[in-house]
*Asks:* 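Below: one structure in structure tokens.
Atoms considered below: every heavy atom in the structure, side chains included; atoms not considered: hydrogens, waters and symmetry mates. Protein chains get the first letters and strands the later ones, always in sequence-line order, with residue 1 at the start of each.
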Amino acid sequence: MRIVTWNINSLRLRLPLLDRLIAALDPDVICLQETKVPDDLFPDAAPAALGYPHVARRGMKGYNGVAILSRLPLRLVDAPDWCSRGDCRHLQVHIDAPGGVVELHDFYVPAGGDIPDRVENPKFAHKLDFVAEAAGWFAASGVRPRSVLVGDLNIAPLEHDVWSHKQLLDVVSHTPVEVAALLAWQHTGFADAIRHFVPAHEKLYTWWSYRNRDWRASDRGRRLDHIWVSRDLVAGLRRYEIFKDARDWPQTSDHVPVMLELDA
DNA sequence: ATGGTCGACAATCGA
């Protein structure tokens, strides 16, 4: 099974790019974040036309929003309303995978604003609270076997998940308090499926800012998008791809798709 | 130290 996660940064604007994504990566399941489309305006006919008839989506006006497009049958599963905000940042589904049901989570963690201080900046407080609440929820129930968690987690945890560890220690997405919170969440029972393939000393990014005139030349990236699997699935990890080609597509997202192939 | 660019949606806000 191949799973892709992509912060698409407006589903309606970039719907044509899904064709390219599917042609290149041939995913069974596509998890999207920042769809920026309310449910009543979701392009309902599009997924089936692309070959993904099974859909879960949760959107709102203007920002946030997540969606899962699948070739395999899925069922939406109840999940918490994180921080009681009703803000469309998570979907939990059960996927009928070849080897049985897979529990799949698609997350869009709050970006957290600019100032890395929970007192001065309510957005940063929300981000930390969101991650802590998610960690607590998985810790309480235990990460079940055959679980996969993907999404834009908006935190780059490792030194080489950013272009300059020293210069980003005070920048929201790589501060020690965020890193600790994210790793505590991961350690409730998940393994980092992408770092399974790439040693920690190698640079690895999934996001490059729009604000660089030449993203490839400056290469000031961060690894904000993640795929985690429950430990029982680690032995079945087959292949990954961080699809950097997508960063050069016309009118593309600042995030690129991340793909995992696994036996499940 | 600063400013740089996007998308949604209609003056800014969020990233």
Side-chain angles (χ1 to χ4, degrees), chain A residues 5-18 20-21 31-43 46 57-67 82-83 85-90 106-118 120-131 134 150-157 161-164 166-175 177-179 181-182 205-226 243-258:
Chain A
T5 180
W6 190 26
N7 180 323
I8 195 170
N9 187 11
S10 175
L11 172 63
R12 285 174 291 179
L13 184 67
R14 300 191 218 288
L15 205 46
L17 298 182
L18 285 178
R20 299 182 184 222
L21 173 68
C31 298
L32 302 171
Q33 304 87 37
E34 281 205 271
T35 54
K36 296 184 175 178
V37 56
D39 289 341
D40 57 330
L41 294 178
F42 191 90
R57 75 273 198 288
R58 182 171 286 144
M60 60 194 288
K61 184 182 170 80
Y63 56 105
N64 298 338
V66 282
W82 307 101
C83 302
R85 290 177 177 239
D87 59 2
C88 307
R89 294 179 176 276
H90 173 229
D106 180 10
F107 273 99
Y108 174 52
V109 170
D114 291 328
I115 304 166
D117 182 297
R118 71 151 57 237
E120 282 185 61
N121 175 10
K123 290 183 196 169
F124 193 69
H126 177 214
K127 181 179 197 175
L128 295 179
D129 291 347
F130 186 104
V131 172
V150 312
D152 175 5
L153 305 186
N154 264 317
I155 298 172
D161 289 340
V162 294
W163 63 275
S164 169
K166 278 188 179 176
Q167 287 178 256
L168 287 171
L169 277 171
D170 285 332
V171 175
V172 172
S173 71
H174 192 60
T175 62
V177 63
E178 290 170 89
V179 167
L182 189 75
Y205 317 136
T206 64
W207 173 88
W208 291 262
S209 172
Y210 283 128
R211 299 180 190 182
N212 291 313
R213 57 185 66 202
D214 185 336
W215 71 274
R216 203 183 280 274
S218 56
D219 200 23
R220 296 187 167 189
R222 307 177 199 172
R223 186 169 73 110
L224 304 179
D225 304 275
H226 299 273
F243 195 52
K244 289 174 69 171
D245 288 4
R247 191 63 183 74
D248 282 324
W249 287 344
Q251 202 171 34
T252 195
S253 172
D254 44 357
H255 296 253
V256 299
V258 179

*Asks:* Looking at A:W207, is A:R222 sitting on its ring face, NZ or CZ under 6.0 Å from the six-membered ring centre and within 45 degrees of the normal?
*Replies:* no
*Asks:* Taking the side chain as every heavy atom from C-beta outward, state whether A:H126 and A:R85 have any pair of such atoms under 4.5 Å apart.
*Replies:* yes
*Asks:* What is the separation between atom CG on A:L224 and atom P on B:dA15, rounded to the nearest whole Å?
*Replies:* 13 Å
*Asks:* At 4.0 Å (heavy atoms only), tell me whether A:Q33 reaches a base, stays on the sugar-phosphate, or touches nothing.
*Replies:* nothing
*Asks:* Can you check the A:Y210 OH to B:dG7 C1' distance for me, whole Å?
*Replies:* 8 Å
*Asks:* With nearest nucleotide decided by heavy atoms, which residue, A:N154 or A:S10, maps closer to the 5′ end of DNA chain B?
*Replies:* A:S10
*Asks:* List for me each residue that meets side chain to side chain contact (heavy atoms under 4.5 Å, CB included) alongside A:K123, sequence neighbours excluded, and say none if there are none.
*Replies:* A:N121
*Asks:* So if I take every side-chain heavy atom of A:K123 and compare against B:dG14, B:dA8, B:dG4, which nucleotide ends up nearest?
*Replies:* B:dG14
*Asks:* Let me spell it out: for each of A:N212 and A:A111, pick the nucleotide of DNA chain B with the closest heavy atom. Which residue's pick is nearer the 5' end?
*Replies:* A:N212
*Asks:* Could you grab the distance from atom OG1 of A:T252 to atom CH2 of A:W215, nearest 0.5 Å is fine?
*Replies:* 9.5 Å
*Asks:* Quick one: A:W249 CH2 to B:dC6 P, roughly how many Å, whole number?
*Replies:* 18 Å
*Asks:* Where the side chain of A:R14 is defined as all heavy atoms beyond and including C-beta, which of B:dC6, B:dG4, B:dA8 is the nearest nucleotide?
*Replies:* B:dC6
*Asks:* Given the C1' atoms of B:dA10 and B:dG14, what is the spacing between them in whole Å?
*Replies:* 15 Å
*Asks:* Looking at A:R220, does any N or O in its side chain come under 4.0 Å of the phosphate oxygens OP1/OP2 on B:dG4?
*Replies:* no
*Asks:* Write down the distance between CH2 (A:W215) and C1' (B:dC6), rounded to a whole number of angstrom.
*Replies:* 16 Å
*Asks:* Can you tell me which nucleotide in B:dA8, B:dC6, B:dA10 comes closest to the side chain of A:K61?
*Replies:* B:dA10
*Asks:* Suppose you measure atom C1' in B:dA15 against the same atom in B:dG3; what distance do you get, rounded to whole Å?
*Replies:* 16 Å
*Asks:* To the nearest angstrom, how far is A:Y108 atom OH from B:dG7 atom C1'?
*Replies:* 11 Å
*Asks:* Rounding to a whole Å, what distance do you find between A:K36:NZ and B:dA15:P?
*Replies:* 9 Å
*Asks:* Using a distance-only criterion (donor-acceptor N/O pair, under 3.5 Å, no hydrogens), is the base of B:dA8 paired with the side chain of A:R12?
*Replies:* no
*Asks:* Would you kindly give the CE-to-P distance between A:M60 and B:dG7, to the nearest whole Å?
*Replies:* 20 Å
*Asks:* Can you tell me the distance, in whole Å, between the CZ atom of A:R222 and the C1' atom of B:dA15?
*Replies:* 11 Å
*Asks:* Restricting to side chain to side chain contact (heavy atoms under 4.5 Å, CB included), what partner residues turn up for A:D114, sequence neighbours left out?
*Replies:* none
